[in-house]
Amino acid sequence: MIETAEKAGTAEAAPAATQGPAVAITGLYKWYGDFQVLSDVNLSVARGERIVICGPSGSGKSTLIRCVNALEPFQRGTIVVDGVTVTQDLKRIDEVRREVGMVFQQFNLFPHLTVLENCTLAPIHVRKMPRKEAEEVAMRYLARVRIPEQAHKYPGQLSGGQQQRVAIARALCMSPKIMMFDEPTSALDPEMVKEVLDTMVSLAEDGTTMLCVTHEMGFARQVADRVVFMDEGQIVEINSPDAFFTDPQHERTKTFLGQILG
Amino acid sequence: MSDMATTTDTVLFVRTQRAERVAPPKGPRGPLGWARAHLFSSPFNGLLTVLIVAAIAWVVPPLLDFLVFHAVWSGDDGREACLATAQNPDPGACWAFVRTWINFFVYGPYPMEERWRVNVFFALLAVGLVWMMWLDAPRRDLGAAYFFLALPAASVVLLHGLPMIGLETIDTALWGGVLVTLVVATVGIVVSLPVGVLLALGRRSEMPVVKLFSVIFIEFVRGVPLITVLFMASVMLPLFVPPAWSPDKLMRALVGIAIFSSAYMAEVVRAGLQSIPKGQYEAAAALGLGYWRTLALVILPQALKVTIPNIVNNAIALFKDTTLVFFVGIFDFLRTIEVARNDPAWATPVTSFTGYAFAAMCYFVACHFMSRYASGVERRLGAADRR
Ligand SMILES: Nc1ncnc2c1ncn2[C@@H]1O[C@H](COP(=O)(O)OP(=O)(O)OP(=O)(O)O)[C@@H](O)[C@H]1O
Ligand SMILES: [Mg+2]
């Protein structure tokens, strides 16, 4: 499904770049059958940059970030993650996925494993880290999201907010170069939203590269370097958070902000 | 109430006193209360209760008389003990017959001095079963390796023999009774689980050839009675393998059973796979676990766990179906009873009843145990879901 641009050959030869953007998306198009979900998306995410993507429901936000770690195939355009071009090649895809952490709206923790095992699974089996070391790393990140005492419980025994923090820790355990969030607080009860946002803010303060789909405008204001606004599969406006909220340029942005900010 | 009355007139309500905690209203208590609530809650319900009690009173006492009170428990000198006498004019079950023949029922014609090998097999099998069925057992991964790899290999060596290490070869024609029934059932389960998992994965595969093969295999086998599969295996198998190692009768029956149970297991596993939400695959993929690791570490442990009750139900059906190997000339448990009850030395009016009653009880105990186990697991899984 994925068409590689001509440049892919050279990108392949280059070692995983330590300079250059963390993610570079150029001319991305995607269709579900005849339905066009993404049209001409171009976005470059610098290292350490924090990007918030927002837009109305069905505008293709999830689809866009799912293309980055190849959970969705796309038909046209290129995505280069940390110097590796996303193609259909399974080995290459896993290489990309190792470097991209993802947090889902529905947490998607593994219910048959304890919190600690959730966190060590991929480091042990994908990174081939010794169990001992993986557990130490996991405990460090669980402390980081402030739930080390839950390490031996099962996900089903935790609140939604705690589960989402475990999901964040699980992704962090792979030491990803980029963290992606798909509406991480939308499935949470209002009183748990804050604990998850706080965790994300502290990640942002540490300079993690973040690609975040969220409607938490306070979060966007506080941490985003740029806000990307999407509508009908296209990027309509990219702006600094200040300008985005106080002086939006595009008509569509204005109506959207009018609706959500009331 | 009084302080509420003042506030009801206005739009706002502000509670001034905490509502008291009150114990729930008392339902009917005691045995009589229970009986009224559960047995005679309506005229129709009461009628059903009376009818069922009457039916029990009609069936159970004669059955107990036959099986226990009038039964003959000892005597190894043949039929005399079990014939009608003055003291026991209406003799019940002839358990003396079962006691005399019990070794034959268990081992069939397996040579007397080699029967310890069968006993060791039974013990090994029991260890494997407990290890697999006890969900909190330590090292269940080792248990699986034992059950699916070590046990089958050890069993072949033990039962069939390996002259190299001093175990003389016992032709499968000499195997019989419970031994054969257990071998057939175990092979059915040990083979059908992995093969069933592969077929179920094949059926969901995106590779058309793999998918087509799985669908055809599963649907064909499920559309044919077991007895047909058994006949086909015993007639057609020799056509597919070099005549030099023409498989013996038991082997052919085992292949038939394995094919049959794999197809059913595949459907059971498929249902389990379908119960796993897409998010689990995506989370595993996003972590960089590949297809096989995702399956082995994330999907199958969950899918198989919810499938255990159905796997056991499948095993129950298979266990009873093993009696059909009788028709391709295998000497299973039921067949040994068939032989024994025709022994002229034990020809009495009650011998056949006794033999069949014994067989029925054995099958019932085994199947009932499995079914209780399945519902226990089901309850536990239900409790885990509610957690
Ligand atoms: N598997 C699919 N098959 C067909 N259409 C799909 C599929 N997944 C998504 N779509 C469509 O693609 C469009 C974009 O979906 P997407 O989930 O990316 O939107 P979104 O911006 O994340 O919306 P939301 O805020 O509701 O999560 C929607 O119109 C949706 O109906
Ligand atoms: Mg979405």
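Here the structure is a predicted model, which means the values were calculated and not measured. Lettering of chains follows the sequences in order, A, B, ..., and the numbering in each one begins at 1.
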Worksheet, complete the sentence: In terms of heavy-atom pairs under 4.5 Å with chain B, the winner among A/M180, A/K91, A/R170 is A/R170
Practice prompt. Name, in order of residue number, those residues of residues 287-322 of chain B that have a heavy atom at a distance of less than 4.5 Å from a heavy atom in chain A; otherwise write 'none'.
Written response: B/L287, B/G288, B/L289, B/G290, B/R293, B/L297, B/V298, B/P301, B/Q302
Worksheet, complete the sentence: Those residues of residues 119-141 of chain A that come under 4.5 Å of chain B on a heavy-atom basis, listed by number, are A/L121, A/A122, A/H125, A/V126, A/K128
Response to the item:
For A/W31, the ring-ring contact (aromatic ring centres under 6.0 Å, His included) test, sequence neighbours excluded, returns A/Y29
Practice prompt. Using non-hydrogen atoms and a 4.5 Å limit, figure out which bit of A/F110 sits close to chain B: side chain, backbone, both or neither.
Written response: both
Worksheet entry | Euclidean distance, B/Q280 CD relative to A/Q106 CD, rounded to 0.5 Å | 11.5 Å
Worksheet entry | Contact origin within A/L109 toward chain B - heavy atom pairs under 4.5 Å | backbone
Worksheet item: Taking all non-hydrogen atoms of both residues, which atom of A/N69 and which atom of B/A286 are closest, and how far apart?
Response: ND2-CB, 3.8 Å
Worksheet item: Hey, is CZ on B/F122 packed in by over 12 heavy atoms from elsewhere, all under 6.0 Å?
Response: yes
Worksheet item: Would you find more than 12 non-hydrogen atoms of other residues, nucleotides or ligands less than 6.0 Å from B/R222 atom CZ?
Response: yes
Worksheet item: Is any residue of residues 129-146 of chain B within less than 4.5 Å of chain A by heavy atoms, and which ones?
Response: none
Practice prompt. Between chain B and each of A/R98, A/H112, A/E99, count heavy-atom pairs under 4.5 Å; write down the option with the most.
Written response: A/H112
Response to the item:
When every non-hydrogen atom of B/A285 is compared with those of A/L71, the smallest separation belongs to CB-CD2, 3.8 Å
